[in-house]
Protein chains: 2
Amino acid sequence: MKKRQVTSLDVARMAGVSQSAVSRTFTPGACVSEKTRLKVMTAARLLGYKPNAIARSLITQRTNMIGVVIGDTINPFYSEVLEETTQRLQATGRQVMLFVAAANLDPGEALPQALQYQVDGVIVSTAALSPQMALECANVGTPMVLVNRTIEGLDIPSVNVDHESGARAAADVLADAGYRRLAFVNGIQTSSGNEARRRAFQRRIAERGLPPALEDVGSYTYNGGFAAVIRLMTMTREHRPEAIFCANDVMALGGLHAVRHHLGLRVPEDVSIIGFDDIPEASWPSVDLTTIRVWPRELAARAVSMVLGMVESRTTTCDSQILPVELVVRASTRPAGSKASATAERVAT
Amino acid sequence: MKKRQVTSLDVARMAGVSQSAVSRTFTPGACVSEKTRLKVMTAARLLGYKPNAIARSLITQRTNMIGVVIGDTINPFYSEVLEETTQRLQATGRQVMLFVAAANLDPGEALPQALQYQVDGVIVSTAALSPQMALECANVGTPMVLVNRTIEGLDIPSVNVDHESGARAAADVLADAGYRRLAFVNGIQTSSGNEARRRAFQRRIAERGLPPALEDVGSYTYNGGFAAVIRLMTMTREHRPEAIFCANDVMALGGLHAVRHHLGLRVPEDVSIIGFDDIPEASWPSVDLTTIRVWPRELAARAVSMVLGMVESRTTTCDSQILPVELVVRASTRPAGSKASATAERVAT
DNA sequence: CTGAAAGCGCTTACAG
DNA sequence: CTGAAAGCGCTTACAG
């Protein structure tokens, strides 16, 4: 059923011009007389001709495709990153070649595949990513930008939220509320963002004179957070944390539900919970989660202009960026003293 | 910084064989002696050679790329469809070229773009899609499958959930509970899925001897559902609905929150609410939404095998499929009589 | 402004 | 099994 493609030669013959003339007509800014252009356009319309982007890519050495690899599409945070990335790329006439890394695992063949398809650049937004992959990319000279992560030892351009300020703000909120026994629920421990949050949180706690926070792992998922919080909350009374900071909102949501509906305890009376991301669900009245707000769409926007900038200027380097975050105090944490401030305060970064 | 590409010719020279030999080594199932293969592989490794998929596509007339156009990535339902689609496609060595249609609008240039890139097939999962676009696709002979929608007058293969049974089940639940004044919140009225649900709901209501349901529109979004339900619930007492069926869960969630937290009313005591999709949030204890469960991943899986089947067999037609749905009774609807059945009942389809 | 021609990097009959 | 050669559909110097 696949019909033979109509090519520029077909159009040329019908229009009575050379094949070059057809090509020029479809190349913005090429020299063609109005008369020729008209002949070509009518013939093209009649035949239903559309230039073959693959053939063009081969000769121009540019595909206008950007590889986008993403880890966890189910997390609303990454859904927004993906949507914004794609729309921005489309707006500039680029195509996105999408790769989803199974369950936050190393994207494996994604990068090599993308490179075989000669993508002009790559945006990687996935917790797990082996340095080898990244190196391979660098070797081919394909621009790459990391979203919300870095790779130790490699100087790859990235856009990150300010993990440290966010984690410090979380520590401060809990310390201000007078808690002493805190806990931290890791996402994926090999993720650079997780590490940044964990370290900054522990350090700030120490600065505030509190004992180190207990740790557990929730693999960045709802169920993982649910289970981790159950484990923490069923410890003996002397160990049980008074407040829990989860490395992302999805886990915090799981934890919140575990506490309220599975353990039958109250938040924040029995335990405070704080998340990271401020996904839409966090502000639902029935949830009302204290969290650290980030701007996923801004993250995406920066990443897109970074890759495109590198593609245009034929570089593989550019300055990394760090975006500010904002503490959003809601009802899942106990306020400092008696005055409950439910307003969002800007975090100095 | 972009280095000159390593080509098969470079490898051939280093290995001391013809360029054809190199090509054969990288073509599964081609005839190459073990000796040649070894020479080629070592040279390739040394040079870091990877076949250029674009050049290959041009000559083989097959890109192994599938275009995927999606409407609303933020809706968890479509996130799952997208994730499953992509992973399945990747698993067969295909690439996905992603298009996201802004805010459920007509994808516009998405299809033409995809066609210029010579995608082998297209999976379209977006509420709005102009028939012209679809026709254009058909004219090029590119296989296309629609997910959860159809196009009136065109016989394009599709995978749909059983909108009708689902809507009937919703009508029955509400009629069984003894309600008389019902309402339906449309998603997007130009969406075929919305129409199917609306019509089946109204028809079933009539069959049960109830007056027609009031209607409003919520554009398939949380805020849209929130606003629509507020409008419905602030009507005069004699018009105000006793139960509301929303065309998807996202709107139902908005509606639920509007009722509980904005209007300060109780669900289901003051009004029953029922959704469609059974997204993860619907089963959160604090939500507990009665809904119609569908299987987004199964939808995606079918769509993928349909396109791939057509690609393999060089057809553009295949049988459409309809997947069953299941009523999930939770706490947002009043049970029939006094015996609350909180278990899921299979809907006959 | 226009056309003839080379060439992007590959696959695949074809002849050996 | 192997190599020389044609050709996929385009862009772009080059000469006119």
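Within every chain, numbering begins at 1; the chains are lettered A, B, ... in the order of the sequence lines, protein sequences first and strands thereafter.
Using C1' as the reference atom, C:dG16 and C:dT12 are 16 Å apart when rounded to the nearest Å.
Note: CD (A:Gln118) to C1' (C:dG9) measures 9 Å, nearest angstrom. Atoms CZ (A:Arg56) and C1' (C:dG9) sit 18 Å apart, rounded to a whole Å. In this structure, CG of B:Leu9 is placed 13 Å from C1' of D:dG3, rounded to the nearest angstrom. Spacing between atom OH of B:Tyr117 and atom P of D:dC8 amounts to 22 Å, rounded to whole angstrom units. Following rounding to the nearest Å, B:Leu58 (CG) and D:dC10 (C1') show an atom-to-atom distance of 8 Å. In this structure, A:Asn52 places its CG atom 7 Å from P of D:dG9, rounding to the nearest Å. Taking atom CG of A:Asp10 as the reference point, atom C1' of D:dG9 lies 11 Å away to the nearest angstrom. Atom CD1 of B:Ile54 and atom C1' of D:dT11 are 16 Å apart (whole Å).
Residues A:Tyr220 and A:Ser191 bring a donor and an acceptor atom of their side chains to less than 3.5 Å of each other. Side-chain polar atoms of B:Asn160 and B:Gln321 form no donor-acceptor pair below 3.5 angstrom.
Under the rule for a side-chain hydrogen bond (donor to acceptor under 3.5 Å, both in side chains), the partners of B:Thr73 that lie at least two apart in sequence or sit in another chain are A:Glu83. Looking at residues two or more places apart in sequence or on another chain, you find a side-chain hydrogen bond (donor to acceptor under 3.5 Å, both in side chains) between B:Arg94 and B:Thr92, B:Glu312. A search for side-chain hydrogen bond (donor to acceptor under 3.5 Å, both in side chains) contacts involving A:Thr63 returns A:Asp120, not counting sequence neighbours. A search for ring pair (Phe, Tyr, Trp, His ring centres under 6.0 Å) contacts involving A:Tyr49 returns A:Phe26, not counting sequence neighbours. Listed by chain and number, the residues in a salt bridge (Lys or Arg N to Asp or Glu O under 4.0 Å) with A:Glu84 are A:Arg88, A:Arg297 (sequence neighbours excluded). The side-chain hydrogen bond (donor to acceptor under 3.5 Å, both in side chains) test applied to A:Glu298 returns A:Arg302, not counting sequence neighbours.
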If you restrict it to nitrogen or oxygen atoms, what contacts under 3.5 Å exist between nucleotides 13-16 of chain C and the protein, and what is each distance?
residue, atom, partner, partner atom, Å
C:dA13, N6, B:Arg24, NH2, 3.0

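Of the candidates D:dG9, D:dA4, C:dC10, the closest approach to any side-chain atom of B:Ser18 belongs to D:dA4. Ranking C:dG9, D:dC10, C:dT11 by closeness to the B:Gln19 side chain, first place goes to C:dT11.
Residue A:Val147 is tested with A:Val124, A:Thr85, A:Val68, A:Ile123 for a side chain to side chain contact (heavy atoms under 4.5 Å, CB included); the sole match is A:Ile123.
Applying the side-chain hydrogen bond (donor to acceptor under 3.5 Å, both in side chains) definition to pairs two or more places apart or across chains, none involves residues 20-30 of chain B. Applying the ring pair (Phe, Tyr, Trp, His ring centres under 6.0 Å) test to residues at least two apart or on different chains, none of the pairs has a partner in residues 113-153 of chain B. Within the structure, the ring pair (Phe, Tyr, Trp, His ring centres under 6.0 Å) test picks out no pair touching residues 129-161 of chain B (sequence neighbours left out).
Each of A:Val17 and B:Thr7 has a nearest nucleotide on DNA chain C; the 5'-most of these lies closest to A:Val17.
Within the nucleic acid shown, A:Thr60 comes within 4.0 Å of sugar-phosphate atoms alone, with no base atom in reach, counting heavy atoms only. As judged by a 4.0 angstrom heavy-atom cut-off over every strand, B:Phe26 is placed among residues making no nucleic acid contact.
Listed in residue order, the members of residues 29-42 of chain A having a heavy atom less than 4.0 Å from DNA chain C are A:Cys31, A:Val32, A:Ser33, A:Thr36.
Proximity of A:Tyr49 to the phosphate of D:dC10: a side-chain N or O atom is located under 4.0 Å from OP1 or OP2.
In DNA chain C, runs of at least 3 consecutive Watson-Crick or G-U pairs, each pair with both distances below 3.5 Å, span C:1-3 with D:14-16, C:5-12 with D:5-12, C:14-16 with D:1-3.
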